[in-house]
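Below: the structure, in structure tokens.
Since we're looking at a predicted model, the values are computed, not measured.
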Amino acid sequence: QVQLVESGGGLVQAGGSLRLSCAASGRTFSSSAMGWFRQAPGKEREFVATISWSGGSTYYADSVKGRFTISRDNAKNTVYLKMNSLKPEDTAVYYCAAGSHAPQPKSFGSWGQGTQVTVSS
């Protein structure tokens with residue numbers, strides 16, 4: 001089991017940038033695919049991006065493609081989500097998850113507590 005702690009959320013103006021971090025503990029991090037999801041109030045949790053265990057393969061939701069970048073540093077047991085050109089519709093709680101390269105939340109076995117991202121117009 002991997003324990004995950006997100007950080008880096010906050011309030012930003014539209015067009016701005018943020019970088020989220022997800023620190024993992026546990027021996028299986030470097031062999032685990034990782035993902036980022038988000039959930040806005042009243043909406044279901046939705047896929048944002050995933051990255052393979054090596055970092056060699058990434059996959060993005062169409063809504064963030066070209067604006068967000070997922071990366072990882074296995075030496076630091078950390079996965080990142082760099083978010084550029086933020087829009088008000090990106091406002092949500094962002095969650096880090098471990099265990100799959102698939103875009104479905106049910107494929108992931110470990111979740112962080114989430115970090116709030118608010119984009120003002």
Side-chain angles (χ1 to χ4, degrees):
Q1 195 80 352
V2 178
Q3 289 76 47
L4 306 170
V5 178
E6 302 96 333
S7 61
L11 173 64
V12 63
Q13 289 188 332
S17 299
L18 283 174
R19 189 180 78 159
L20 306 183
S21 299
C22 174
S25 60
R27 294 179 296 173
T28 60
F29 173 80
S30 61
S31 61
S32 296
M34 301 291 295
W36 285 96
F37 291 78
R38 65 187 183 186
Q39 189 166 17
K43 295 188 176 181
E44 293 187 353
R45 192 165 298 190
E46 67 171 0
F47 163 71
V48 175
T50 59
I51 187 167
S52 62
W53 68 270
S54 68
S57 177
T58 57
Y59 180 47
Y60 296 93
D62 288 343
S63 58
V64 307
K65 200 172 297 182
R67 299 188 298 123
F68 290 11
T69 302
I70 188 171
S71 62
R72 68 189 295 161
D73 185 338
N74 285 346
K76 296 182 177 180
N77 276 15
T78 302
V79 63
Y80 304 98
L81 185 69
K82 181 64 187 301
M83 306 184 294
N84 295 326
S85 303
L86 283 161
K87 305 175 181 179
E89 51 263 44
D90 294 318
T91 296
V93 177
Y94 283 70
Y95 296 91
C96 175
S100 176
H101 201 22
Q104 294 84 24
K106 64 181 180 180
S107 300
F108 290 78
S110 299
W111 292 85
Q113 82 291 347
T115 185
Q116 176 71 46
V117 172
T118 303
V119 184
S120 63
S121 57

Okay, side chain of [X], backbone of [Y]: is any donor-acceptor separation there less than 3.5 Å?
X	Y	answer
Thr91	Val119	yes
Glu6	Thr115	no
Ser110	Val2	yes

If you define the side chain from C-beta out and look only at heavy atoms, does anything of [X] sit under 4.5 Å from [Y]?
X	Y	value
Met83	Trp36	no
Thr78	Phe29	no
Arg38	Asp90	yes

Can you give me the closest heavy-atom contact between [X] and [Y], atom names plus distance?
X	Y	result
Cys96	Val79	SG-CG1, 3.7 Å
Gly35	Phe108	N-CE2, 3.7 Å
Ser100	Ala102	OG-N, 2.9 Å

> What do you reckon, is NZ of Lys43 surrounded by more than 12 foreign heavy atoms closer than 6.0 Å?
Replying inline: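 No, not enclosed.
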
> Does atom CD of Glu44 have more than 12 heavy-atom neighbours from other groups under 6.0 Å away?
Replying inline: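 12 or below, so no.
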
> What pairs meet the ring-ring contact (aromatic ring centres under 6.0 Å, His included) rule with one or both residues in residues 65-107, with sequence neighbours excluded?
Replying inline: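 Every candidate ring-ring contact (aromatic ring centres under 6.0 Å, His included) pair involving residues 65-107 fails, so no pair, neighbours aside, qualifies.
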
Taking a hydrophobic cluster as the set of Ile, Leu, Val, Met, Phe, Trp and Tyr residues connected by side-chain heavy atoms closer than 4.5 Å, whether directly or through intermediates, do [X] and [Y] fall within one such cluster?
X	Y	result
Leu4	Trp111	no
Ile51	Phe47	no
Met34	Leu20	yes
Val12	Val64	yes
Val117	Tyr60	yes

>> Under the salt bridge (charged side-chain N to carboxylate O under 4.0 Å, His left out) definition, can you give me all pairs with a residue in residues 71-87, not counting sequence neighbours?
In response: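 Residue pairs passing salt bridge (charged side-chain N to carboxylate O under 4.0 Å, His left out), neighbours aside: none found.
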
